Amino acid sequence: MIRLILAIPFLALGLFMFFSEVVGFYKFTYVMNRMHAAAMGDTLGIGSILIAVGILTGSLSAALKLVLILVFMFLTGPVVTHLIAGAEVETHKNAGHEYQEVDRR
């Protein structure tokens, strides 16, 4: 029972992140904004869900396997997103007109 109480907030956070990802994906019009919403939602959502499942299993070996999956997702997700963004920048002909620079002074 205590494991369920500990896991529910992580499950709720994961579901919220997946829902935010879907809303962001459909709300944004530019491909880079959509990609950012999808990448952040996947990374945080999967991380939260895997933490909750690790708490619910109660087995150390299963939790270690889930940690390995989590590390793999944290390493591969941003790399793939960066490669897709680089390919979009290289193939998009009017990329300079659509990007907006932010003055951070």
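In this chain, numbering begins with 1 at the start of the sequence shown. Model, not experiment: these values are computed from the prediction.
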Side-chain donor/acceptor pairs under 3.5 Å, residues 6-17, sequence neighbours excluded:
none

Please tabulate, one pair per line, all N/O donor-acceptor pairs under 3.5 Å involving side-chain atoms of residues 35-45, not counting sequence neighbours.
unit_1	atom_1	unit_2	atom_2	d
Thr43	OG1	Ala39	O	2.9

*Is atom CZ of Phe25 surrounded by more than 12 heavy atoms (other residues, nucleotides or ligands) closer than 6.0 Å?*
no
_side-chain hydrogen bond (donor to acceptor under 3.5 Å, both in side chains) contacts in which one or both residues fall within residues 1-21, not counting sequence neighbours_ = none
*asked:* Who clusters with Val23? Use side-chain heavy atoms, under 4.5 angstrom, across I, L, V, M, F, W and Y, and order the result by chain and number.
replied: Phe19
*Provide the closest heavy-atom pair for Phe18 versus Ile46 in the form atom of the first, atom of the second, distance.*
CZ-N, 3.6 Å
*side-chain hydrogen bond (donor to acceptor under 3.5 Å, both in side chains) partners of Thr57, counting only residues at least two apart*: none
N/O donor to acceptor pairs below 3.5 angstrom from side-chain atoms of residues 60-82, sequence neighbours left out:
unit_1	atom_1	unit_2	atom_2	d
Ser61	OG	Ser59	OG	3.2
Thr76	OG1	Phe72	O	2.8
Thr81	OG1	Gly77	O	2.9

